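As C-alpha cells, the structure follows; a few thoughts come after it.
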Amino acid sequence: MRFIVSTSILLKQLQAVNGASSSSTVLPILENFLFEIKDGILTISATDLQTSMTTSLPVESKEDGKVAIPSKILLETLKTLPDQPISFSVDDSTFSIEISAGDGKYKLSGENGEDFPKIPVVENASSVNMQASVLSEAINKTLFAVSNDELRPAMTGVFCQLSSEHVTFVATDAHKLVRYRRKDASSDSATTFILPKKALTLLKSSLPGDDVGVSVEYNNTSAFFRFGNINLICRLIDERYPDYEAVIPQNNPNKLIIDRSLFLNCLRRVVIFANKTTHQVRLKITGSELNISSEDIDFSNEAHERLSCQYEGEDMEIGFNAKFLIEMLNNLGGEEVLLEMSTPNRAGLLMPQTHDEHEDVLMLVMPVMLNSYA
Amino acid sequence: MMQAAMSTTFRKIIHIDMDAFYASVEQRDHPEYRGKPLVVGGLPEGRGGVVATASYEARKFGIRSAMPSKQALQLCPDALFVRPRFDAYKEVSRQIREIFSRYTDLIEPLSLDEAYLDVTHDKLNIGSALEIAQQIKDAIRNELQLTASAGVSINKFVAKIASDINKPDGLKFIGPSAIEAFMENLPVGKFHGVGKVTAEKMKKMGLHTGADLKQLSEDELVRSFGKTGHFYYRIVRGIDEREVQPHRETKSLAAEDTFAADLTTIEEMEAQLDRIAVLVYNRLEKHNLKGRTITLKIKYSDFKQITRNRSFAAPVADLETITTTAKQLLSATSPGESKIRLLGISMSNFGEVVTRQKVEKISAQLKLF
C-alpha cells in the first residue's frame with residue numbers, strides 16, 4: 001500500500017483524533033493509529049475501547065489497504081517536518097512502513113490493521129442535531145463540576161436530558177451542581193443518558209470554532225457525534241443518575257446581587273489566607289454589606305474584606321469552600337450574579353443576574369458548617 | 001560535672017526490654033519448646049530466611065538476631081525453627097503497655113518489646129523509679145509469665161544501656177553520680193548508633209572506650225563522624241535531654257549491612273537484598289507499620305553512596321513487594337559494574353494519606369446527595 005499526502009494536513013487530522021488513543025500496556029495496538037484507504041480516502045482511527053475517534057481525508061493512492069502505525073513516533077516526526085508532500089509505502093506482508101519526505105527516509109514497523117479493534121457503530125439509533133457552539137458551551141459550563149469519584153460512576157459524567165422543549169446538561173460531584181439548559185435545541189423523543197468525562201473533554205478540544213451542525217446519534221449503550229470529517233463514538237455510563245431536581249431548594253428568601261468579577265477577585269485573595277485543606281471562607285451579610293473572611297489558625301493567617309452588594313432578606317452568615325465558589329464564578333458569564341440562599345445548612349444557588357433568552361444556567365453549592373456563627 | 005543536669009531536678013527514666021521476646025512468647029505458649037534452642041524467624045530451608053529472635057538456649061550456640069537461618073542451623077543442628085506469629089506478639093505487647101500505664105502515661109514504645117517510661121511523676125506516688133521498675137518486672141512475670149530487663153537512670157540513653165547489662169531478667173540502676181564513670185568505661189561499640197563499621201573506625205583511631213572519646217573536642221568528633229559527633233560529645237558526658245515522647249511518629253524503618261567482602265556479582269547482591277528485605281519486613285511487623293516509599297541505599301567500594309526510591313499509591317508492608325522493589329531499584333543502577341560494600345533498604349512515608357473522606361470530615365462540607 002502506498003499513498004502521498006501533505007504533512008500539515010495529515011498532522012492536523014492526527015492531532016484531532018490522538019486524544020482517543022491510549023497508552024495501554026494490556027493491548028499495545030491501542031498505541032497505534034489505524035490507517036485505512038479506500039477509493040483514495042484515508043480514514044484514521046484511534047481508540048481506547050471506551051472512546052473512539054475517526055477522521056478522513058483524501059490522499060493520492062492507487063490501491064486500498066490498512067495498517068496500524070505507532071502514533072507517538074508518527075506524530076513526533078510530522079511535528080518536526082516542514083509542510084511538504086510525504087509518501088508512505090507499506091509492505092503488506094510484514095507491515096513495515098517506509099516514509100519519505102523531502103530528502104529524508106524513515107522506517108518503522110507497523111502492525112496488521114486487521115488486529116486493530118473494530119470501531120463500533122451505533123445501531124438502532126435516535127438522533128438529534130445541535131450547533132457546535134451550543135454543545136461546546138454546554139461542555140464548558142458543566143465539565144468542571146463532574147466528579148472524579150469512581151465509587152459513584154454515575155457522577156463521573158454529564159447527565160443529558162433531551163425533551164421536545166429543551167436539552168438539559170447536568171454535572172455534580174455531590175458538593176456542587178450545574179444545570180445548563182438550552183431552549184434552542186430539542187429532540188422529538190424524550191430521553192436521558194450519561195456521557196463520560198473523557199469523551200466530553202475530547203469533544204471540547206476538537207469541536208470547530210465556527211458554527212457547524214453536530215449530529216448526535218445515540219442508543220442504550222453508545223453515543224455518536226459527527227461534525228465535519230470527524231466522528232467520535234463513546235460508551236455511555238450505564239448508571240442511574242441521582243435525582244438532582246429534588247435537591248434544588250425551591251424557597252430561597254435571601255437574595256444577594258453582586259458584581260461577578262469583584263466577588264471573584266475578592267475570593268481569590270481571601271482564600272490565600274484560608275485553611276489549605278478546607279478552603280473555608282465565611283460570608284456575613286448585613287444590610288447591603290457583604291463581609292468575606294477566612295482564617296488558618298495553624299499559621300495565624302486571616303483575611304477580611306468588605307464588598308457592597310444589593311441584598312434582600314434577613315442578615316445571615318454562611319460558610320463555603322472558596323475553591324467551589326471560584327470555579328463557579330469563573331464559569332458563569334455576565335457582569336452581575338445572583339446568589340440565593342435560605343439557611344446556613346442548605347444549598348446556595350448561583351446564577352447570572354440576566355439570562356440569555358436561549359440559555360438557563362443554574363449552579364448549586366453546598367455550604368460548609370461553620371464552628372461558630374457570630 | 002553534669003552542667004545541664006545539675007541545675008535541674010533529675011528525671012527518672014526506665015527502659016524496659018523484654019527478654020528474647022518472640023522466642024519467650026513461643027516457649028510460654030508451647031511447653032514443648034521450653035528449655036530447647038528455639039529460633040523464631042525464617043525457616044532455614046527457605047531462601048533468605050533470617051533469625052528474628054533466638055531463645056537464650058539457642059544464643060549459647062552463637063545464634064543471633066538478623067543472622068541467616070541457614071547459618072543458625074549450622075551453628076546448632078538441633079535448633080527448632082518456627083515462623084513468627086506477629087498477631088500474638090502484638091497482643092502481648094498491648095498487655096505489657098497496659099501494665100506500664102498503671103504507673104505513667106509517658107510511655108514511648110520503641111517496638112513491640114521495648115519502651116521508655118518517664119516516671120518522674122508516677123501515678124501511684126511510689127517515688128522510687130527502682131521500685132517501679134521492680135513492680136513492672138514482677139507484674140510482667142506474674143501476669144504474663146514472661147521476663148523483662150529494666151534499666152533505670154536519669155536519661156534515655158543511659159537507661160537503655162543499663163537494661164542491657166544484667167540481661168536476662170535484669171535490673172540495673174545507674175544514678176547521677178555513677179554516670180560519668182560508667183560512660184568512661186563503656187566500650188565504644190555499646191554507644192547507641194555505633195554499628196560495627198563505626199566501631200571499627202573508632203578502634204583504628206585508638207578510641208576504645210567512652211574515656212577515649214571524651215578526650216576529643218566537639219569539633220574533632222564532628223569532623224570524624226559528621227552530625228552524630230555532636231551526639232557523641234554530649235552522650236559521653238552523660239547528657240541526653242531527649243524527652244520520652246508518648247506519640248513519637250516513626251518516620252522510617254531501615255535495615256542495612258556492610259559486607260566483610262565487597263559484593264561483585266548480581267547474584268550476591270540479590271541474595272543480600274533477600275535477607276535485608278526480611279529484616280525490614282520483620283521491623284515493619286514489629287512496629288505495626290506500612291509505608292508508601294521504599295528506598296534502596298548502595299555504598300560502593302570507593303565509599304560513593306547512592307539511594308534510589310520508589311513510592312506507591314497505597315501503603316505496603318508485604319515481603320514480596322519489598323524484595324522485588326529493592327531488586328528492581330538495584331537493577332536500574334547497572335549493578336555489577338562497581339563493587340558494593342553496603343546495601344540497605346528502608347521504608348518511609350508512613351503518614352496517612354489525607355483521603356477525600358477525611359477532608360470532608362475536617363471541613364464539615366455538606367453534601368447534596
Side-chain angles (χ1 to χ4, degrees), chain A residues 145 147-152 154-155 159 170-179 240-249 274-282 294 296-298 318-325 341 343-349 363-373, chain B residues 105 108 242-243 245-252 270 289-294 296 308-335 348-369:
Chain A
S147 165
N148 293 316
D149 185 354
E150 312 223 320
L151 296 175
R152 302 181 75 177
M155 303 196 312
F159 183 59
V170 182
T172 182
D173 63 0
H175 298 136
K176 53 187 183 288
L177 182 145
V178 181
R179 186 191 68 190
R240 237 179 78 92
Y241 205 74
D243 183 6
Y244 76 91
E245 293 283 0
V247 300
I248 301 176
N275 180 292
K276 293 287 174 283
T277 319
T278 65
H279 309 294
Q280 176 185 304
V281 295
R282 186 182 289 256
S294 67
D296 187 346
I297 297 164
D298 297 346
I318 187 167
F320 286 111
N321 180 328
K323 290 276 171 196
F324 295 164
L325 286 178
M341 294 161 291
T343 55
N345 60 357
R346 304 201 54 204
L349 270 66
M363 298 193 181
L364 207 64
V365 59
M366 281 307 277
V368 175
M369 289 305 286
L370 298 171
N371 300 329
S372 62
Y373 293 91
Chain B
D105 290 325
E108 178 179 333
R242 291 172 302 154
E243 285 181 20
Q245 294 169 310
H247 302 294
R248 195 177 68 157
E249 270 180 70
T250 307
K251 294 226 168 65
S252 72
E270 294 202 335
L289 285 169
K290 287 184 172 194
R292 289 176 54 232
T293 303
I294 295 175
L296 173 72
R308 296 287 180 267
N309 66 67
R310 174 169 306 161
S311 291
F312 298 86
V316 293
D318 63 299
L319 182 57
E320 176 69 24
T321 309
I322 299 170
T323 313
T324 48
T325 306
K327 287 183 187 172
Q328 285 166 2
L329 291 169
L330 174 72
S331 70
T333 63
S334 15
S348 56
N349 218 340
F350 303 119
E352 274 183 274
V353 191
V354 179
T355 59
R356 193 165 31 78
Q357 283 85 349
K358 210 168 163 190
V359 171
E360 280 162 15
K361 205 170 159 192
I362 304 167
S363 70
Q365 168 72 55
L366 302 174
K367 298 183 95 167
L368 285 161
F369 310 106

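Just so it is clear: chains get the letters A, B, ... in the order the sequence lines come, proteins before strands, and each one is counted from 1. The structure presented is a predicted model; accordingly, all values stated were derived computationally and were not measured.
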- Residues at least two apart in sequence or cross-chain that pass ring-ring contact (aromatic ring centres under 6.0 Å, His included) with A:Y244, listed by chain then number, are none
- Query: At what distance, to the nearest 0.5 angstrom, does NZ of A:K323 lie from NE2 of A:H175?
  - Reply: 15.5 Å
- Item | chain B interface, residue from A:P242, A:A347, A:A246 that has the most non-hydrogen pairs under 4.5 Å | A:P242
- Under 6.0 Å from the CD atom of B:E243, do we count more than 12 heavy atoms belonging to anything else shown? no
- Which portion of A:F324 sits near chain B, non-hydrogen atoms under 4.5 angstrom: side chain
- When rounded to the nearest 0.5 angstrom, what distance separates OG1 in B:T323 from CG in B:D318? 8.5 Å
- Query: Quick one: what part of A:D243 sits under 4.5 Å from any heavy atom of chain B, side chain, backbone, both or neither?
  - Reply: backbone
